[in-house]
Amino acid sequence: MESEHTGSRRNRWTFLTNHARVLIAIARDPGVRLRDIAAVCGLTERTVQAIVTDLEADGYLTRTRDGRRNRYVIAPGARFRHPAEADHEIAGLLAYLAGPLTAPPAPAVEAMEGASGDGAPHATV
């Protein structure tokens, strides 16, 4: 008889959920295509689409159209869902597994005349 720790079912578990894997893929490349996420995560596109919808509905990310593609922004300050980790932000885990999160690109700013009045264009940061 197999013990509970050596059974074939017990050998397939992983530390990260599919939701975490999808979020990590998006953190690595905010312009990634769903089919590429599916390939990296070993999931179907339909499953990835459902996960992205879940993450968006629960406020973990926002999706905007960028031409023919989607661009994703992970919500700053988003926290883990489980009560045991709810006091921790997901950004730490994502930074560890995907690298530092990049801020969304700032909207184009028209050149403005500097405060010195020298007529030179200055951009705000």
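Both backbone and side-chain heavy atoms feed into the values below; hydrogens, waters and symmetry mates do not.
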Would you mind reporting whether Val22 and Thr47 have side-chain heavy atoms less than 4.5 Å apart?
no

Compare all side-chain heavy atoms of Arg21 with those of Thr14 and state whether any distance is below 4.5 angstrom.
yes

Count the heavy atoms of every other residue, nucleotide or ligand shown that sit under 6.0 Å from CZ of Arg33, and state whether that count exceeds 12.
yes

Passing option when Val48 is tested against Leu34, Ile26, Val32 for side-chain contact (heavy atoms from CB on, under 4.5 Å)
Leu34

Any donor-acceptor pair under 3.5 Å from Arg65 side chain to Arg68 backbone
yes

Does Tyr72 reach the side chain of Thr64, with side-chain heavy atoms less than 4.5 Å apart?
no

What's the shortest heavy-atom distance between Asn18 and Leu43, and which atoms?
ND2-CD2, 3.5 Å

Nearest heavy-atom neighbours spanning Gly59 and Ala75:
O-CB, 3.1 Å

dist Asp29:CG -> Asp36:CG (nearest 0.5 Å) comes out at 8.0 Å

Under the side-chain contact (heavy atoms from CB on, under 4.5 Å) rule, what do Val73 and Leu61 come out as? Steps first, then yes or no, please.
CA-CA 5 Å; Val73 176; Leu61 59 84; over 6 Å; no

Is the shortest side-chain N to carboxylate O distance from Asp66 to Arg69 below 4.0 Å?
no

Please examine the side chains of Phe80 and Asp87, heavy atoms only from C-beta on, and report whether any two atoms are closer than 4.5 Å.
no

How many angstroms lie between CD1 in Ile90 and CD1 in Ile74, if you round to the nearest 0.5 Å?
6.0 Å

Are Tyr60 and Arg79 close enough that some pair of their side-chain heavy atoms sits under 4.5 Å apart?
no

Distance from Asn70 atom CG to Glu56 atom CD, nearest 0.5 Å?
8.5 Å

Spacing of CG belonging to Leu55 relative to CZ belonging to Arg63, to within rounding of 0.5 Å:
10.0 Å

Looking at side-chain heavy atoms only, is the closest gap between Leu97 and Leu16 below 4.5 Å?
yes

Nearest atoms (heavy-atom pairs only) where Asp58 meets Arg81
OD2-NH1, 2.5 Å

Please round to the nearest 0.5 Å and tell me the distance separating atom CD of Glu89 and atom CG of Leu94.
10.5 Å

